[in-house]
Amino acid sequence: MQIQELNKEQQKAVNHIDGPMLVLAGAGSGKTKVLTNRIVNLIENGISPYNILAITFTNKAAKEMKDRVVRLIGKEAYNIQISTFHSLGLKILKENYSMLGYEKNFTIIDSDDVLTIIKKILKDKNMSKDRYNPREIKNKISSAKNEMMSIDSFAKVEFDHKVVEVYKEYQQKLKNGNSVDFDDLLILPIKLFRNYPRVLEEYQDRYKYILIDEYQDTNEAQYTFSKLLSAKYRNIFVVGDNDQAIYAFRGANYKNILNFEKDYPEAKTILLEENYRSTKTILNAANSVIKNNHERKDKNLWSNNATGNKIKYKEVANEKEEASFVGTEIKRLLSEGINEEDIAVLYRTNAQSRVIEEEMLKKNIKYRVVGSFYFYNRKEIKDLLCYLRLINNHKDDVSLLRVINTPRRGIGDKTIETLTEEATTRELSLYETISKGKELEFKNLIEDLTKASESLSLTELIDEILEKTGIKKELSTSKLLEDEIRLENLNEFKGVTKSYEEEYGTASLGDFLDEISLVSDMSEHQDSSNRVSLMTVHSVKGLEFDYVFIVGMEEGIFPHYNAINDGSNSAIEEERRLCYVAITRAKKELYITSADTRMLFGNPMRNQPSRFIDEIDKEYIDKERPKKLEKIITKVRKTVDKNATYEVGEHISHTEFGEGIVISVDKSIITVAFPHPIGIRKLMKGHPNITKL
DNA sequence: GAGACCGTCTTTTTT
DNA sequence: AGACGGTCTC
Ligand SMILES: Nc1ncnc2c1ncn2[C@@H]1O[C@H](COP(=O)(O)OP(=O)(O)OP(=O)(O)O)[C@@H](O)[C@H]1O
C-alpha cells in the first residue's frame, strides 16, 4: 500500500506484516495514524478482518479508529475487533462464562458499587472506618487484582490480615451475586487462558494480528493478556511514547514498552521523529518541559509546521476570573469563525470543571464535558439502572438493596437484616431468599417486569418500570423543583436508550447494560459537533485540538499536592509527562492560566504558578500578570527559604493570621491551626510571612 | 420505618 | 460548599 500522506518511516511501519514490531515515537508523530493504516494494509494483503485485533486506550478512541477504518475500506471493517482491553475481556467472558463459574447475564459493577460493597464488609466485620479507609482498601484490592495476585500472595504483602479478609469476602460477594468488577474483565480471561490452553489457542487463532495503541500505559494484567494472545503467532504491533505514560497510579508500567525488544528479540523497531500536529512554538515548549525529566531517554522531535504564535500565559486572581478569561477568549475565537469542536479546555482534576461549566452557560457557549459520570451518578438514574440490572440478573444483591425500598415501600433495616442473614446461611441471593411480606410484593413486581422485558423494547421497558414501581407517580405529584429535574433526567435517559436502539436496531437489555458500564460517559452518547470540549488531561490523551486552554496551572493543582507531598521524583515526573501530554494536544494555539487563589473544600487556597510554566523556554511564552502582583511575587519567590524545617506542635507566627500551632508537616507545606476565626491554614514552608517563635 | 438534623469527609488522575 | 452517613425523634 502506498499512502500519499506518510513519510518513509511511517510507510515502513504500515507495510510491516508478520512478526513483532515496536513503534516508539513522540507526540503527534502519527503513531495512531500508522496503526490505523496498518490495519487497512493488512486487509489489503488478504488478511481476514476477523483475524485482526486492535486495542485502544479508551472506548472513544476505539470508536474513532473504527470509523476511520470503515471510511477507508468500507463495511468489512465492522468485523475487526477494535476495542479497549476491558471490552475485549468482556467479550471473551461472555463467550466463556460457564467455564469460569459464572452464569449468563452477569452484572458488571461500577466503582461506586465496589465502594458500597467494601463499606458493607467493613461494617459486617466491625472494622472502624477511621482505621480502615474504604477507598484505600478499594485501591489495594484493585492493585492486587491488576497485578494478578492470588489471595495468598496478597496475604504476603498485606500484613494486616483483616484487610486480606476483606479481599476474600469481597471476591466471595461478587461471585455470589454473579457479578464482576472492572478488573475482573481483564483477569478472568487470563485465568481462562491459563486454565484452558485449548481455549487460549482458539483465541490465538482468531486474533492472529494484534495491534496495541498507547502501549506505554499497559499494566501487568494487560501486558500478560497481550503476551498470552500473541504467543503463538507473535504478530504483535505496539505503538507508544514513554513520555506520555500517565497511568502509573493504575498500575501501568512504561517499562513494558521499553522491554518490548527483550520480550520479542526478533522485533523490529521504528522511531518517528517528525511531529505533524503542532506549531514549532508549541512543540518546542513541550520539549523544553519534558527535558526536565531525568528518568528518560532523550529523543529528537521536530516540526516542519509554521512557527505560530507564542503561548499565552495569563495569571489571574481566582478561579472565577480564570473561567471568565477562558470564556471571553473562546467567545473571541468563535466570533472569528472558529468552530466550537476545535477548542478544548483541559484541567488536572474533575472538580475544576464546575466553574468553567458555569461560565460556558453564562456566556452561552455550547460545550460538553467529556468523561463526566455526573449524569449516570444521579440518584434517579442509578435507581433506574439498578432496576434494569436486577431484572437482568436477579442475583445482583447490590442493585436489589438499592431499589427494594425506592420508592418507599415500608421495607426497612430490620427486614433487610433478616433477609441477609438467611441468604448468608442458605448461600442464596437475597432475591431467592424472599418469600413473604412486603418483600414478596416487591419480588412479584420484579418478576412481572422481567416477564415484560421479554416482549418490550428497552425504552418501553423503562416506561413500564417507571409506571409500575411508582417512581413516575411519586416524582410527578411532588412539588419540589428537584423532583421535576429528576423527571426530566429520566426522560433524557430514555433519549439515550432510544438513540441506542436506533443505532443497533433493537437492543437487548444485557448489551445495553454492558455498554453503560463500560462507557458511562454521557458525552459519548451525545452529539459532539459544535461543542467546546471540557476534559481532564488524562482523558484528552490521543486527541488533538486547534485551540487548547490549560487551566489551573498551579503548584498544588498541576503538579497536584499528592504528587508533591509524595516526595518521590517519579511522582513529579509523571505530572510533568501529564503536562507534556496537555501541551502537545494543541495544533495552533495554546493558552495557559493560573489563579492565585482557589476555593478548596470551601476554603480559599493560595497557590503559586506551576513550576512547569517556568520550565517553558521564555522565547515560546508570553506572560501576562497584573503589574502589582509581579513585584510581590518575585519578591516572595526570592525570599522563600526552601530549607526551613518545622515540627508538629511548634509555635509560629504569621504576619496575617497571627500566632498558631503546626499540626502537620508535609514535603513543602505545613498545616497550622490559628485561633478562631482563622482556623486551619495550609502554608508554604519557609514563606517570609512565617516567623518561628 | 420515615424524616430531620448534625458532623465528617471530600478531590488526583480511569477502564 | 456540598454529599453522605450516623443518630435522634415521631
Ligand atoms: N505523514 C504525515 N503527513 C501529514 N500529517 C500527518 C502525517 N502523519 C500524521 N499526521 C497528522 O498528525 C496528527 C497526529 O497524528 P497521530 O494522532 O496519529 O499522532 P500520535 O503519534 O498518535 O500522537 P499522540 O501520541 O500525541 O497521541 C494527525 O492529525 C495526523 O493526521
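A, B, ... follow the sequence lines: proteins, then strands. Residue 1 opens every chain.
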Rounded distance (Å) that lies between atom C1' of C:dA3 and atom CG of A:Asp112: 12 Å
Expressed as a whole number of angstroms, how long is the span from A:Lys91:NZ to B:dT15:P? 21 Å
Grab the two heavy atoms, one from A:Glu575 and one from A:Pro559, that are nearest each other, plus how far apart they are. OE1-CA, 3.2 Å
If we check salt bridge (charged side-chain N to carboxylate O under 4.0 Å, His left out) with A:Arg598, which of these qualifies: A:Glu321, A:Glu555, A:Glu554? A:Glu554
To the nearest Å, give me how far apart CG (A:Asn603) and P (C:dG2) are. 14 Å
Which heavy atom in A:Met360 sits nearest to a heavy atom in A:Val326, and how many Å separate them? CE-CG1, 4.4 Å
Without decimals, in angstroms, what is the distance between A:Leu122 CG and C:dG6 P? 11 Å
A:Lys145 NZ to B:dT15 C1', in whole Å, measures 13 Å
A:Glu358 has an atom CD; how far is it from atom C1' of C:dA1, in whole Å? 11 Å
Under 3.5 Å, is there a donor on one side chain and an acceptor on the other for A:Tyr376 and A:Asp110? no
Of residues 186-193 of chain A, the positions that come close to DNA chain B - non-hydrogen atoms, cut-off under 4.0 Å: none
Whole Å only: how far is the NZ atom of A:Lys120 from the P atom of C:dG6? 13 Å
Determine whether the aromatic ring centres of residues A:Phe225 and A:Tyr223 are separated by less than 6.0 angstrom. no
Mapping A:Lys414 and A:Thr84 onto DNA chain B by nearest heavy atom, which one lands closer to the 5' end? A:Lys414
Heavy-atom closest contact (A:Lys173 atom, A:Ile117 atom, distance): CD-CG2, 3.9 Å
Determine whether the side chains of A:Glu357 and A:Tyr367 contain a donor N or O and an acceptor N or O closer than 3.5 Å. yes
Taking all heavy atoms of A:Leu401 and all of A:Ile416, pick out the closest pair and write down the distance. CD2-CG2, 3.7 Å
Which pair of non-hydrogen atoms, one from A:His538 and one from A:Phe249, has the smallest distance, and what is that distance? NE2-CE2, 3.9 Å
Just to be sure I understand the geometry, which residues of residues 401-409 of chain A put a non-hydrogen atom under 4.0 Å away from DNA chain B? A:Asn405, A:Arg408
Counting only heavy atoms from other residues, nucleotides and ligands, does the tally under 6.0 Å from CZ of A:Arg250 exceed 12? yes
Can you check whether A:Asn350 reaches A:Thr536 side chain to side chain, under 4.5 Å on heavy atoms? yes
Any protein N or O atoms within reach of nucleotides 4-14 of chain B? Criterion: under 3.5 Å, listing atom names and distances.
residue: B:dT11; atom: OP2; partner: A:Arg135; partner atom: NE; Å: 3.4
residue: B:dT11; atom: OP2; partner: A:Arg135; partner atom: NH1; Å: 2.6
residue: B:dT11; atom: OP2; partner: A:Arg135; partner atom: NH2; Å: 2.9
residue: B:dT11; atom: O5'; partner: A:Arg135; partner atom: NH2; Å: 3.4
residue: B:dT12; atom: OP1; partner: A:Asn562; partner atom: ND2; Å: 3.4
residue: B:dT12; atom: OP2; partner: A:Asn562; partner atom: ND2; Å: 2.8
residue: B:dT12; atom: O4'; partner: A:His560; partner atom: NE2; Å: 3.2
residue: B:dT12; atom: O2; partner: A:Arg348; partner atom: NH1; Å: 2.7
residue: B:dT12; atom: O2; partner: A:Arg348; partner atom: NH2; Å: 2.3
residue: B:dT13; atom: OP1; partner: A:Asn350; partner atom: N; Å: 2.7
residue: B:dT13; atom: OP1; partner: A:Asn350; partner atom: ND2; Å: 3.1
residue: B:dT13; atom: O4'; partner: A:Arg348; partner atom: NH2; Å: 3.2
residue: B:dT13; atom: O2; partner: A:Arg348; partner atom: NH2; Å: 2.8
residue: B:dT14; atom: OP1; partner: A:Thr536; partner atom: OG1; Å: 2.8
residue: B:dT14; atom: OP2; partner: A:Asn350; partner atom: ND2; Å: 3.2
residue: B:dT14; atom: O2; partner: A:Arg250; partner atom: NH1; Å: 3.3

